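For reference, the structure discussed in these notes is given below.
Atoms considered below: every heavy atom in the structure, side chains included; atoms not considered: hydrogens, waters and symmetry mates. Counting convention: from 1, in listed order, for ligands and their atoms alike. On a predicted model such as this, the values are computed, not experimentally measured, just so you know. Position 1 is the first residue of the sequence; numbering continues from there.
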Amino acid sequence: MDSFKYVDGVLHAEGVPVTKIAREQGTPAYVYSRETLLDHYTKIDQAFAAVPHLICFSVKANSNLGVLAILNKAGSGFDVVSGGELHRVQKIGGPMKKVVYAGVGKTDEEIGAALKAGILMFNVESEAELENIGRIATDLREKKQIAEPARVALRVNPDVDPHTHHYITTGKKETKFGVDLQRASQVLKNAPKYKNVQVAGVHAHIGSQITEVEPYKESLGKVVSFIKDHRSKDVPLTYLNSGGGFGIYYADKKAPPVAQFAQVMVPLVQQSGCTLVLEPGRFIVGNSGILLTRVIYVKDSGAKRFLIVDAGMNDLIRPSLYDAFHEIWPVESETLPPTRGGAAKADPDATLEVDVVGPICESGDFLAKGRALPKEIKRGDLLAVFSAGAYGYVMASNYNTRGRAPEIIVKGGAYAIATRRETYDDILKNESVPESVL
Ligand code: LLP
C-alpha cells in the first residue's frame with residue numbers, strides 16, 4: 001500500500017493533511033511521500049536479497065532531485081537515458097559506479113560525458129552503437145581522459161509479449177528496442193574486434209506496467225540460456241539486466257507484489273551466475289505520488305456532468321496519451337475510494353458518472369471519463385489524482401503557457417517544496433523577440 005490515507009474524512013500524506021498543502025501552496029500540486037518511496041525501494045531490495053543485485057532507479061519515471069537524493073541515500077543506483085538525466089544524478093552526488101545508461105539514440109556528446117563520469121555501463125542497442133562507443137572510448141583513452149575501456153550490456157529483444165499497452169511494450173520483435181537473439185550472437189562474436197569496449201552483460205527490458213509474472217519468466221529463461229551459451233573468456237558476461245516494468249495498482253486490479261516476480265526470477269538469475277541489475281521506475285514512485293487539483297466549475301451539459309479542474313493534460317498526460325486510469329477522489333470525503341477500502345462498486349444513489357476535465361483547449365484534455373464520483377462534489381472542492389508519482393511531472397509541459405505544478409515531498413508530519421511552481425517569467429526566460437525578423 002502507500003502512505004496516502006483518509007483520517008477522519010481528510011486525505012493525509014503521511015502525517016500531513018493534504019488540505020493544508022493545498023491551502024499553503026495552491027493547486028495543482030504534485031505531492032510525494034518519502035515513506036512510500038523508501039518502502040517500495042526496500043520491497044524490491046528484500047525480494048531479490050538471495051542474489052547479488054543492483055537496483056538502478058529509472059530516472060525517467062520521476063527525476064525530481066529530492067526524490068533522487070532520497071533514493072541515493074537509501075543505496076539506490078540509477079538508470080539514465082540522456083545526458084540530462086546523467087547531469088541530475090551527478091548533481092545529487094549519485095555514485096557513478098551505480099549508473100547504467102540506456103536509450104536507442106545516444107549521441108557522441110552524451111556517450112563521452114558518461115564515459116568521463118565513469119558510469120558502470122551502457123546498455124547498447126546495436127552493433128553500430130557498440131562500435132561507436134569503442135571509438136569514443138579509444139579517443140578518450142588516448143587523450144588520457146579516461147583510464148578504462150567502456151563497459152556495456154547488450155540489449156536483446158527476447159520477443160516476449162508483456163501484455164501491456166502497446167506504447168510501452170518493448171520486448172516484442174517488431175519494436176525498435178534491442179537486437180534479436182540470433183543477431184545478438186553475431187554481435188558477441190564480433191565484439192572482440194572493437195577496441196576499448198567490453199561486453200559485460202545482457203539487458204532485456206520487455207515493457208512497462210507489467211502485471212503478470214509469466215512474461216518475465218519467459219524473457220529471463222531465454223536470456224539465461226543465451227548467457228550460458230555465450231559465456232567465454234572473450235565475452236565474460238557477468239551482468240544480467242532485466243530492466244524495469246513491475247506494475248502497480250491504478251485501479252482495483254491489483255498488481256502482484258514484487259516478491260512474486262522475484263520468485264520466478266531469482267532461480268533463473270542463480271542459474272546464470274550473474275549479478276542482477278534491475279531498473280524499476282514506476283514500482284518505486286508510482287504510488288508514492290498524488291496530483292492535487294481543485295474543481296473550478298461543475299458544468300452540466302446535455303446528459304453529462306463535467307468537473308472542470310485546475311490540472312490538465314499539460315500536468316498529467318497519461319489519461320490522454322494512454323487512456324490510463326488514475327483513481328480520483330475528493331480530498332475531504334466520508335466515503336473512501338475503491339483502492340482505499342471503499343466499496344468496489346459505486347453506490348448509484350451516492351455517486352454520479354462524470355468527466356473530470358482540465359482547462360486546456362482540446363477535447364483530449366481529460367483526467368477521467370465516465371467516472372463514478374460522489375454526487376456532492378462542488379466548485380472549490382479538492383480532488384486527489386492517485387498513482388501520479390511516475391510519469392506525471394516528468395511528462396508535464398507548458399502547453400497553453402501553463403506553468404508546471406510544484407513538487408512537494410512529505411516526510412512524517414512536515415512537507416517541503418522540492419520544485420517550486422513555475423511562473424510566467426520562468427516559462428518565457430529563454431524567449432525573446434529578435435528585432436531582425438520583424
Ligand atoms: N528500463 C528501460 C530500458 C525502460 O525503457 C523503462 C521504461 C524502464 C526501465 C522503467 O520502467 P518501469 O519500471 O517504470 O515500468 N510514460 C509511460 C511509461 C514509459 C516507460 C518507458 N520505459 C507511462 O506513463 O506509462
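Between G281 and ligand 1, at least one pair of N/O atoms sits closer than 3.5 Å. Considering backbone and side-chain N/O atoms, G245 comes within less than 3.5 Å of an N/O atom of ligand 1.
Interface of S58 with ligand 1, defined as ligand atoms under 4.0 Å from a residue heavy atom, comprises 8 (C), 9 (C), 10 (C). Which parts of ligand 1 touch D79 is read off a 4.0 Å heavy-atom cut-off, strictly below it: atoms 1 (N), 9 (C). Every atom of ligand 1 is numbered from 1 in the order shown, and the set under 4.0 Å from a heavy atom of M395 is 16 (N). Interface atoms of ligand 1 facing G244, defined by a heavy-atom separation under 4.0 Å, are 1 (N), 9 (C), 13 (O). Every atom of ligand 1 with a heavy atom of S208 under 4.0 Å away is listed here by number and element: 11 (O), 12 (P), 14 (O), 15 (O), 20 (C).
A centroid separation of 6.0 Å or more is found between the aromatic rings of H326 and F386.
Residue V81 does not touch ligand 1, judged by heavy-atom distances below 4.0 Å. At a heavy-atom distance under 4.0 Å, atoms from both the backbone and the side chain of R282 approach ligand 1. When heavy-atom distances to ligand 1 are checked against a 4.0 Å cut-off, P280 comes that close only through its backbone atoms N, CA, C and O.
Checked against side-chain contact (heavy atoms from CB on, under 4.5 Å), A114 has the following partners two or more places apart in sequence or in another chain: L86, Y101, I119, F122. Scored by the ring-ring contact (aromatic ring centres under 6.0 Å, His included) test, H53 finds no partners at all (sequence neighbours excluded).
Look at Y322 and you'll find a heavy atom under 4.0 Å from some atom of ligand 1.
By the 6.0 Å and 45° rule, R34 does not stack over the aromatic ring of Y415. Cation-pi geometry between K369 and F366 is met: under 6.0 angstrom from the ring centre, within 45 degrees of the axis. A cation-pi geometry, defined here as NZ or CZ lying under 6.0 Å from the six-membered ring centre and within 45° of its normal, holds between R371 and F325.
Heavy-atom proximity to atom 1 (N) of ligand 1, evaluated over K60, E279, H203, is greatest for E279.
Of all the heavy atoms in L181 and K222, the pair that sits closest is CD1-CB, 4.0 Å. The two residues H230 and S185 come nearest to each other via the heavy atoms NE2-OG, 2.9 Å.
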